[in-house]
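To keep things clear, I will list the structure first and then write my remarks on it.
Just so you know, ligand 1 is whichever comes first in the structure, and atom 1 is the first atom listed for that ligand. All of these numbers come straight from a predicted model, not from anything done at the bench.
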Amino acid sequence: MNCESSPENKIEMEERQMAMIIDGKKISTQIKDELKEKVEKYKKNGVNICLAVIQVGDNPASTVYVGNKKKACAYIGMESQAYELPEETTEEELLDLVKKLNQDEKVNGILVQLPLPNHINEDLVIQTISPKKDVDGFHPQSVGALSIGQPGFVSCTPAGIIELLKRSDISIDGKECVVIGRSNIVGKPMALLLLRENGTVTVCHSHTKDMKEVTKRADILIVAIGRAKFIDESYIKEGAVVIDVGMNRDENGKLCGDVDFEAVKDKVSAITPVPGGVGPMTIAMLMYNCVKAATAE
Ligand code: GUN
């Protein structure tokens, strides 16, 4: 019998609830408002919190990201220091600035916006940031701590995704979690965080043989591949939760994710939109890390 056309199946389809659209903008504002209250309390006790943001060169996307980070600091009542350095800045000059900020007691967090120009070794710069001020969670010490379940700063995008799931009452414990993408910033820390929450975790990447076969097992699918609308309904199990980390432009120049939202929205139980899903959470978690850096909570 063809199950797809059976009457029982039709009824089930009609009764199926609409997907929950996870509102990252709203949840990120909740988090920032909670932080704002905390920052106010600290201020009353004479504790000011400050993030130093360094940008080298004038990559337009980086300028937008850095601007948003400064705005978020102002929103929660934190100070920010902006270092806008020219493209020709040498590696030594940048390292000297990072070392100076490491020593500066007024600065609680240091963020060097990536990517850096090709003549600067990114790994070396990240390793030079004091782990105590590593609010991006990119330092090898922070990554190592995460991998063995010790406290430390966690990369903001994957930390934000865990927060999105928790605040949407989506349990991770025992779930089949599939992460597409293995970057140091998203895929790898995402897998570790899902594991920490007792998920059963699989990571797919460009060498994965049959990706659909893996993704169709996922109760929770996290997509971070950087290809516009790559994931359609054929990759997805009915009722899955889909988190889209992508930020791309479609053929009409409109912002879109790695997931074809329209194609999958009737098959999933919950999904993040682009924009307004994961993106705002990254900055909220950066603010969370800054407050943590200043208050050691
Ligand atoms: N470039 C793109 N995303 C990020 C981020 O989260 N932190 C930094 N420092 N650079 C980035």
Side-chain angles (χ1 to χ4, degrees), residues 24 28 31-32 50-73 78 80-85 87 89 91 94-95 97-98 101-102 107-118 120-143 146 152-164 181-190 192-193 222-226 243-249 255 257-258 274-275 277-293:
S28 71
I31 294 171
K32 285 189 288 182
C50 175
L51 170 68
V53 182
I54 306 173
Q55 183 182 354
V56 184
D58 49 13
N59 177 318
S62 293
T63 304
V64 173
Y65 290 137
V66 165
N68 288 340
K69 289 168 188 176
K70 286 191 272 189
K71 267 191 228 156
C73 286
M78 244 177 71
S80 65
Q81 291 180 1
Y83 295 87
E84 285 147 18
L85 309 181
E87 181 84 19
T89 303
E91 186 177 278
L94 178 57
L95 293 176
L97 173 59
V98 170
L101 295 169
N102 281 342
V107 171
N108 306 102
I110 302 171
L111 183 144
V112 179
Q113 187 65 28
L114 305 178
L116 287 168
N118 287 337
I120 299 178
N121 179 339
E122 265 178 20
D123 289 342
L124 186 57
V125 174
I126 290 168
Q127 281 167 37
T128 304
I129 297 171
S130 162
K132 292 196 179 87
K133 300 189 179 186
D134 175 36
V135 286
D136 256 329
F138 295 168
H139 192 285
Q141 189 171 311
S142 308
V143 178
L146 172 63
F153 292 110
V154 177
S155 182
C156 302
T157 300
I161 292 170
I162 297 290
E163 207 56 35
L164 270 185
R182 55 174 162 178
S183 70
N184 290 339
I185 296 185
V186 182
K188 283 183 204 153
M190 188 75 250
L192 289 167
L193 285 173
I222 317 268
V223 190
I225 34 180
I243 305 291
D244 189 351
V245 187
M247 183 64 84
N248 315 290
R249 297 264 169 200
L255 270 182
D258 292 348
V274 176
V278 173
M281 292 302 290
T282 300
I283 293 190
M285 297 316 286
L286 173 68
M287 297 300 105
Y288 173 87
N289 279 350
C290 290
V291 173
K292 177 168 150 173

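One distance of note links NZ of Lys69 with CG of Leu286; it measures 6.0 Å at 0.5 Å rounding.
Nearest heavy atoms, Asp244 versus Gly257: OD2-CA, 3.2 Å.
Residues passing the salt bridge (Lys or Arg N to Asp or Glu O under 4.0 Å) test with Glu91, sequence neighbours excluded: none. In this structure Ser155 satisfies the side-chain contact (heavy atoms from CB on, under 4.5 Å) test together with Phe138, Pro158, Ile185, Pro189, sequence neighbours excluded. For Asn248, the side chain to side chain donor-acceptor pair (under 3.5 Å) partners are Asp258, not counting sequence neighbours.
Between the side chain of Glu87 and the main chain of Pro117, no donor-acceptor pair closer than 3.5 Å is present.
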Could you list, one pair per line, each nitrogen or oxygen of ligand 1 together with any protein nitrogen or oxygen closer than 3.5 Å, giving atom names and the distance rounded to 0.1 Å?
residue	atom	partner	partner atom	Å
ligand 1	1 (N)	Gln113	NE2	3.3
ligand 1	1 (N)	Leu114	O	2.9
ligand 1	7 (N)	Asp136	OD1	3.1
ligand 1	7 (N)	Asp136	OD2	3.3
ligand 1	9 (N)	Val112	O	2.8
ligand 1	9 (N)	Asp136	OD2	2.6
ligand 1	10 (N)	Leu114	N	3.0

